[in-house]
Amino acid sequence: MPDPKSASTAYKPVMSRHWWLQHRYFQLYMLREATVLPLLFFIICLLYGLFSLSQGEVQWQSWLTFMATPWVVLLNLLAFSASLYHAKTFFELFPRVMPLAPAALMIVAQWLATFIVAAGLILLLGGWL
Amino acid sequence: MNKTISISRYNPEQDSQPQLQTYQVVSEHSTSVLDALLQVQQQDPSLSLRWSCRMAICGSCGVMINGIPKLGCKTFVRDYPEQLVISPLAHFAVEKDLIVDMSPFLQHLSAVKPYLINAEKSLQPHKQTPAQLAKYQQFANCINCGLCYSACPQFGLNPEFIGPAAITLAQRYNLDSRDQGKAVRMPQLNSKNGVWACTFVGFCSEVCPKKVDPAAAVNQGKVASASDFIISMFTP
Amino acid sequence: MQLLQKDIIIVGGGGAGLRAAIAAAEAAPGLQVALLSKVYPMRSHTVAAEGGAAAVTLAEDSLAGHFQDTISGSDWLAEQNVVDYFVQHAYQELVQLERWGCPWSRKADGTVQVRRFGGMKTERTWFAADKTGFHILHTLFQTSLRYPTINRFDEYFVIDLLVVEQQIAGVLAIHFKTGQLVQIQAKSVILATGGAGRVFHYNTNGGIVTGDGMALAYRHGVALRDMEFVQYHPTGLPGSGILITEACRGEGGILLNKDGYRYLQDYDLGPVTPAGQPKNNYMELGPRDKLSQAFWQQQKLGLTADYQGHAVVYLDLRHLGSQHLTQRLPFICELAKAYVNIDPANSPIPIRPAVHYTMGGILTDINCHTSIAGLFAVGECASVGLHGANRLGSNSLSELLVFGKVAGEQAAALAQQTSLVPVSAIMAQSKHQQTSISSLFGNSSESMVAIRTEMTQAMEQGCGIYRDNNGMQRCLTSLHNLKSRYARLTVSDSSKVYNSALLQHVELGFSLDVAEAICRSALARTESRGAHQRLDEGMTTRNDRDFLQHSLALRQADGSTAISWQAVTITSLPPTERRYGAAAHSPANSNISQLKAAQEKGLQHE
Amino acid sequence: MTPFTEPPKRSDEPIWWALFSAGGVCFAVLMPGSILALALLPALGLTSADSLNYARVSALLYQALYGMAGLAFVGGVICLPLFHTAHRIQHGLHDLKLGGGLLSKICCYGLAAFASAIAIGLLLAGQLQ
Ligand SMILES: Cc1cc2nc3c(=O)[nH]c(=O)nc-3n(C[C@H](O)[C@H](O)[C@H](O)COP(=O)(O)OP(=O)(O)OC[C@H]3O[C@@H](n4cnc5c(N)ncnc54)[C@H](O)[C@@H]3O)c2cc1C
Ligand code: SF4
Ligand code: F3S
Ligand code: FES
């Protein structure tokens, strides 16, 4: 039974913008969401790379130099860690969204995929293939 | 052993907002937070709280304990050697002391048509194998305590979000081999306040006292809703 | 004071109330049903039932078997026509629940599985893991949501029935949230308020199980029947009283005293069955009254152990293995871990008897109708006559369904034929209640907690597993004393919104009335039968000559209780000795087998 | 509280969620390897010299597998992760009570789409040369 009177007397707490600072679990959630920020930086690097490649060899060389600038390397290191943290959370969530096999098995399989892809890319782009 | 606990008090006829008040209780090894609250109620009969079964099955005694939603009867004072602060469930309107307005929760539950829909008339039981039962059994263990709503920031930000337990209940029936009502339940889940309001924070499942894993139910609901979306594009 | 008009009122949102509401809504879709409950329906204590619900299911089982087990379990105090109706309809009701979605446990082939239960000679207990009541209640609650004519009034606390010249007119309730007094008129009213276990100190019941409905009816002159029969469940956790289901024993759990000895063999329940191979009606699967009594005897002999100041024996499940336990008894594992910090796979669980169930209740006929026209009662608050002197485990959940349906349909049929009693006729009564409620507020030196604690302790001491005249007299004196203190008791909290103190005050008044009815009835029955065991000389055995009768407790004008007697309906199974274990197969029981053959013909599924 | 009388409107989230999820897989499976191979290892001089020279990279991106390799790379390492990023930023704004409404939605997904189009445009331009 809805009761119009009670609406006025009940105390309605409002959620502050800083709710996520209040508990470690929420901080980790925010961290997970924030992994896209360094990712975004790396994507912008790639876009810049694509552009450079289309402009010819000279521009491409300058992109390679840009990528070796210390602050860029540092940010990409951050992007790399972010990708690993994202992978960890993503792989743990995935079996709960699609329970296809025992969760532990699915997690191992996903990490394996990441390693194989990484190895392939490194061999190919590192010039060993 | 004596123990000091703080309880959030709010009397709508007098106060403009809740305030913490401290009390002394006697705590033995098996003293639950609910026991402690009932001791306080003996000292101060004006304290209001909900409880009944004191065995973690009726779902009435949910409160925030040091900021985390928990069942008072299944949480023990011994596990809080430091401070122990008890306040009403978060994200709900506080009616009085530890009692919150549960009616939105109930409305959200009913919104998903949580009952078996099956047109067939028969006096015989359905067959259902243990494997078919296992598909939804975990989701049928929800005691409607509402802890997951207090844990979910998305519900806190958007009270129209039908929320983890309601979606879990919808999934419980959608996954039941005896049910044919998925089509009438999906519109609720498909809406922006249905499964799509969830960002897989996942705290709902952390706090669930019955290991129902509502986060899994909600996010499996996203898969179901997405396929429903695709199907709807091909059917006029 | 708010005034509302409905066709049917159901007080109580437990299994019985919800089943009745659905039945009424289905039988008469044009009628408005008000479902009042002092807690949200799914918080009702049906939620705590663990073990299961009985119905004849297996091909090798028979209705006559269930009939006979129930009668002998009742120590011949059940109404045999009621039991007959019950056993015939239980199966279909459990199937109905299945069709509403109840997640019953299954066999590999997809059919419903049944388990053993105490006092039942074959497996006929349906279960949903070890949360049967929980699943039944939630299935019913959720199913009730599909009926638009069921109007829920959650957290409405009924404080009085409105009765005009032996005709029901409605109920008076307090809206917990606002403190408002609400008058609801209706043509028929069903009480489904559950038991009264909380009048005892150690009990398996929830805080809301305070006997309200029994007192409501009793105060209007309806008799309470067989109130002396209070079931002690043999396996409650020490301290809290939290229930460890009988299904543990059905699965093969054994009971040990402090020396690790299976003491039940000393109490006519043997011979010993091997651990993990339970046998119906033997040892641990004997009926509850016998098992609780055996505990008492062991305690007298100093053979119980001590657990934090409580006398206990042990329930040993270790031999079942942890896999079986997590699959079949997950909730028990959870409870044992949380409340006594024990993993049943590794250590035996300390347990002791605790008050569990009130066999007696509001007197009704087989249609759940009370002596007030239009007032029905069903479920644990009622005495339709199914349980007699001792209820068999798993008969009660089925009762909620079978008779919940009856009550709902009967109430609907009646409501279609009658019209509302005019408001003018009930105004005076409501006004009177309003004044007496407002006069409750104030400050007195009496403490509600003290009165309540003294009541539960007096009942525990005077009306426990074994009773004697002196003990009961002392109990009665205390109750009278407490009642006069209660009359002076006031409510110190005058707030309107969610005033728990006010509700507890009213509940305590209900409990005191029920406690007195129990004690009075127990005093009057000077024999031993079922759950009522006396130690006084000459009263230690069953006495069919004088007491094959129901006790009826009736409230007198001065507030006291008078006891009268009512004959038991016996259709086909005349009293014999109640026997379990090997004794059940001795020649003395041969007339049962003859009868069984006779009944097989008469009693088959419809 | 609105009573749930009428069936609510279907959300368009499935589209964004599908892109987000696909991007999430890429982020977890392709990104760690890509960041290593394209940003960190070369910058730190850990690849075999000159493996990323102009000719080799143009060949891989523009010609390998008839240009399909390049397309897969741009899709998996730029476009989908962009939508993943957009989705998280959009919801993150809502979490911080800074937006999350229609406007931020248009901005987030709009930018992702815009940047994706540029990436594909640059790639195709290169391939058609
Ligand atoms: C721990 C436990 C385990 C059990 N296990 C089994 C089992 O395995 N098998 C079996 O057959 N039986 C079992 N029983 C017994 C069985 O569960 C109960 O007898 C049965 O559930 C009672 O149901 P009910 O609907 O009559 O009452 P309840 O479920 O107790 O419901 C009572 C309702 O009445 C309402 N109410 C009460 N007073 C008022 C008032 N004044 N105003 C408004 N509303 C009011 C309450 O809010 C509640 O909704 C068990 C009992 C317990 C305690
Ligand atoms: S899902 Fe868990 S936390 Fe949420 S209401 Fe159900 S039991 Fe409670
Ligand atoms: S906490 Fe909330 S956001 Fe989703 S996963 Fe649980 S419902
Ligand atoms: S009192 Fe029932 S869940 Fe805690």
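Hydrogens, waters and symmetry mates play no part in the numbers below; they use all other heavy atoms, side chains included. Below, chain A is the first sequence line, B the second, and so on; all start at residue 1.
The environment of NZ in D/Lys9 is sparse: at most 12 heavy-atom neighbours from other residues, nucleotides or ligands sit within 6.0 Å. At most 12 non-hydrogen atoms from other residues, nucleotides or ligands lie less than 6.0 angstrom from NZ of B/Lys113. Other residues, nucleotides and ligands contribute over 12 non-hydrogen atoms within 6.0 Å of the CG atom of D/Leu128. Environment of CD in B/Glu13: crowded, with over 12 heavy atoms of neighbouring residues, nucleotides or ligands closer than 6.0 Å.
With a 4.5 Å cut-off on non-hydrogen atoms, B/Val223 touches chain D through its backbone and its side chain both. Proximity to chain D (any heavy atom under 4.5 Å) is shown, for B/Asn193, by neither the backbone nor the side chain. Proximity to chain B (any heavy atom under 4.5 Å) is shown, for D/His94, by both the backbone and the side chain.
By number of non-hydrogen pairs under 4.5 angstrom with chain D, the leading residue of B/Pro187, B/Gly156, B/Ser225, B/Ser110 is B/Pro187.
Here the OG1 atom belonging to B/Thr199 is positioned 11.5 Å from the CD atom belonging to D/Gln90, to the nearest 0.5 angstrom. B/Asn190 CG to D/Asp12 CG: the interatomic distance, rounded to the nearest 0.5 Å, is 12.0 Å.
Note on residues 106-129 of chain D: pairs passing ring pair (Phe, Tyr, Trp, His ring centres under 6.0 Å), not counting sequence neighbours, are D/Trp16-D/Tyr109.
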Any chance you could lay out the side-chain contact (heavy atoms from CB on, under 4.5 Å) test for D/Arg10 and B/Asp228, step after step, and finish with the verdict? CA-CA 10 Å; D/Arg10 184 189 283 278; B/Asp228 194 73; 2.9 Å; yes

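Across all their heavy atoms, D/Trp17 and B/Ala226 have their closest contact at CZ3-CB, 4.0 Å.
With contacts defined as side-chain heavy-atom distances shorter than 4.5 Å, the pair D/Pro14/B/Trp196 qualifies.
Inspection of the D/Asp95 and B/Gln154 side chains reveals an N or O donor paired with an N or O acceptor under 3.5 Å.
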